[in-house]
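Worksheet: one structure, shown below.
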Amino acid sequence: MPMFKYVFGPVPSRRLGRSLGVNVVPLKYCNFNCIYCQLGRTKHVINDLRMFYPPEDIIRELEIAVRTRDYDYLTFIGDGEPTLYAGLGKLIQWARDNQDKPLAILTNGAKLIDENVRAWLSELDVVKVSTDAGSERTFRLINRPHREITFDKFIEGIEKFREVFSGQIWTEVMLVHGVNDNEDEIKRIGDALSRYRPDRVYMMVPTRPPAEPWVKPPTSDVLMNLAKVLSRYVNSDRIFIIDYIERGEFHIDRNDPVNSLLSILKIQPMTVEQVMDVIRRNNLDMDILDKIRSLTKEVTFNGIKYLVYSGE
Ligand code: SF4
């Protein structure tokens, strides 16, 4: 099987089961620069759509991957924000017509203010957006968006999308100690969620090394209390707390284990334990770990050792 550049996994996802990923944006083009981002600081803060890659090249890989890999969701993702990719609509249409697994995207949601992006994403089954703030001030502190994006426009885009979208909107609320983990902010986030009525809300804490080293998760007591406050705005059976690292199997190409592991590491840091587990499960040589170590840097976060991809 040829080595893929854009398609990776399936990887275990805390929300999507075995997720076959399609990476459509190079490191790191985003319209946000979140303090907790696991990809590091945003090097290219942009808000216009770009044709980063020819869609035909990505489709060529997808044609093979959807036939040969066992997955629960086909998920569009980026080494940044996937809705900034001008070829996304074409890929979504291809995936609708050529495979029958549900389609998801992990987006921050800021581009939903754009009518074309809303039309593309309305073909999906699950659209995961973020709402980490309930006010302009906290939005600027935690997400550090492109200057064109205001908090009101951001929520308005998701609200407009809700009106036309019959699939599921899942919201991720990333809680950072001392930034948005207070009751007042959660009430304001609750107000924002009431405007677009997500089907699920995931209350998350940073579990992987963040862009800013001072970012810390709230304590579990604070988290439980905030979930209680949020349940005044969103039915509690729609709220899920995720404060752990995913467990499960990462799929790699045994003929090219180093590059397959790197394509996953470009998207998310892995713990040293997870990399060793992949090596053991696939009966590979442990010296692969040394190769991976030489291409990544080791970062300790919350007492756990992670390997973080550091190249372009
Ligand atoms: S967490 Fe997502 S939205 Fe935020 S900076 Fe990273 S890639 Fe962009």
Side-chain angles (χ1 to χ4, degrees), residues 1 3-30 33-44 65 69 71 75 77-82 106 172 174 176 204-217 242-312:
M1 188 184 291
M3 179 53 207
F4 289 154
K5 180 175 172 195
Y6 310 103
V7 178
F8 64 96
V11 297
S13 156
R14 288 175 284 197
R15 294 147 300 183
L16 299 163
R18 285 165 308 164
S19 163
L20 183 65
V22 193
N23 183 356
V24 297
V25 173
L27 197 68
K28 197 201 153 180
Y29 288 79
C30 192
N33 181 16
C34 303
I35 56 174
Y36 57 78
C37 184
Q38 62 190 21
L39 301 169
R41 291 187 189 143
T42 304
K43 288 193 190 120
H44 312 277
R69 300 198 176 169
Y71 59 98
T75 309
I77 191 167
D79 275 346
E81 170 52 42
L106 308 186
E172 206 171 274
M174 183 66 84
V176 175
M204 321 272 294
V205 303
T207 54
R208 301 199 189 96
E212 303 303 338
W214 49 265
V215 163
K216 297 277 173 279
I242 299 208
D243 56 356
Y244 54 85
I245 302 164
E246 45 289 83
R247 292 169 201 92
E249 268 182 62
F250 289 83
H251 173 96
I252 60 147
D253 176 0
R254 298 194 60 226
N255 298 319
D256 194 359
V258 172
N259 277 316
S260 317
L261 275 164
L262 283 180
S263 65
I264 297 170
L265 281 157
K266 278 184 187 169
I267 285 288
Q268 57 175 66
M270 292 171 76
T271 64
V272 175
E273 209 31 67
Q274 283 173 322
V275 175
M276 283 169 52
D277 186 53
V278 168
I279 294 171
R280 276 193 294 259
R281 278 180 205 267
N282 288 280
N283 295 319
L284 300 167
D285 249 12
M286 266 301 163
D287 64 3
I288 287 173
L289 180 60
D290 296 332
K291 285 194 191 130
I292 294 293
R293 276 189 195 279
S294 70
L295 295 161
T296 53
K297 60 177 187 226
E298 192 176 295
V299 177
T300 303
F301 180 64
N302 262 354
I304 297 169
K305 285 190 173 124
Y306 289 83
L307 296 173
V308 179
Y309 182 73
S310 43
E312 267 293 332

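Worth saying up front: this structure is predicted, and the values here are computed from it rather than measured. Residues: numbered from 1 along the sequence shown.
With hydrogens and angles disregarded, a donor-acceptor distance shorter than 3.5 Å links the side chain of Ser260 to the backbone of Asp253. With Lys43 contributing its side chain and Gly40 its backbone, the two residues share no donor-acceptor pair below 3.5 Å.
Every residue meeting the side-chain contact (heavy atoms from CB on, under 4.5 Å) condition with Val11, not counting sequence neighbours, appears here in chain and number order: Phe8, Phe250, Ile264. With sequence neighbours left out, the side-chain hydrogen bond (donor to acceptor under 3.5 Å, both in side chains) criterion links Tyr71 to Gln99. With sequence neighbours excluded, no residue satisfies side-chain hydrogen bond (donor to acceptor under 3.5 Å, both in side chains) with Asn282. Partners of Thr75 under the side-chain contact (heavy atoms from CB on, under 4.5 Å) rule, at least two apart in sequence or in another chain, are Leu16, Ser19, Tyr73, Ala104, Leu106. Residues passing the side-chain hydrogen bond (donor to acceptor under 3.5 Å, both in side chains) test with Glu212, sequence neighbours excluded: Arg41, Arg144.
Between atom CE of residue Met174 and atom OH of residue Tyr36 there is a gap of 5.5 Å, rounded to the nearest 0.5 Å. The distance from the CG atom of Leu39 to the CD atom of Gln268 is 9.5 Å, given to the nearest 0.5 Å. The distance from atom CD of Glu273 to atom CZ of Arg280, rounded to the nearest 0.5 Å, is 5.5 Å. Atoms CG and CE, on Leu284 and Met276 in that order, are 13.0 Å from each other to the nearest 0.5 Å. In this structure, the separation between CG on Leu262 and CG on Asp256 is 9.0 Å, given to the nearest 0.5 Å. Atom-to-atom distance recorded for Tyr309:OH and Gln38:CD is 15.0 Å, nearest 0.5 angstrom.
Side-chain contact between Asp79 and Pro26: absent, with no pair of heavy atoms (C-beta onward) separated by less than 4.5 Å. Looking only at side-chain heavy atoms (C-beta outward), Val205 and Ile242 stay at 4.5 Å or farther from each other. In this structure, Arg69 and Pro10 have side chains that are in contact, with non-hydrogen atoms separated by less than 4.5 Å. Within the 4.5 Å cutoff, the side chain of Leu307 has no heavy atoms near those of the Gln274 side chain. Proximity of Phe301 to Pro206: side-chain heavy atoms (C-beta onward) are separated by under 4.5 Å at one or more points. Annotation: side chain of Val22 is not in contact with side chain of Ile77 (no heavy-atom distance under 4.5 Å). Contact of the Leu261 side chain with the Met270 side chain is registered, since non-hydrogen atoms from C-beta on lie closer than 4.5 Å.
Shown here for Pro82 and Val25, the closest heavy-atom pair between the two residues is CA-CG2, 3.7 Å. Contact between Leu20 and Ala65 at its shortest, heavy atoms only, is CD2-CB, 4.2 Å. Nearest heavy-atom pair across Pro209 and Val308 is CG-CG2, 4.0 Å. Residues Asp243 and Thr207 share a closest heavy-atom pair of C-CG2, 4.0 Å.
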Using distance only, find each side-chain donor-acceptor pair of residues 286-297 under 3.5 Å and give its atom names and separation, not counting sequence neighbours.
unit_1, atom_1, unit_2, atom_2, d
Arg293, NH1, Glu298, OE1, 2.4
Ser294, OG, Lys291, O, 2.6
Thr296, OG1, Ile292, O, 2.7

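Salt bridge absent: Glu81 and Lys28 never bring a charged side-chain N and a carboxylate O closer than 4.0 Å.
In this model, no donor atom of one side chain and acceptor atom of the other lie less than 3.5 Å apart for Thr300 and Lys305.
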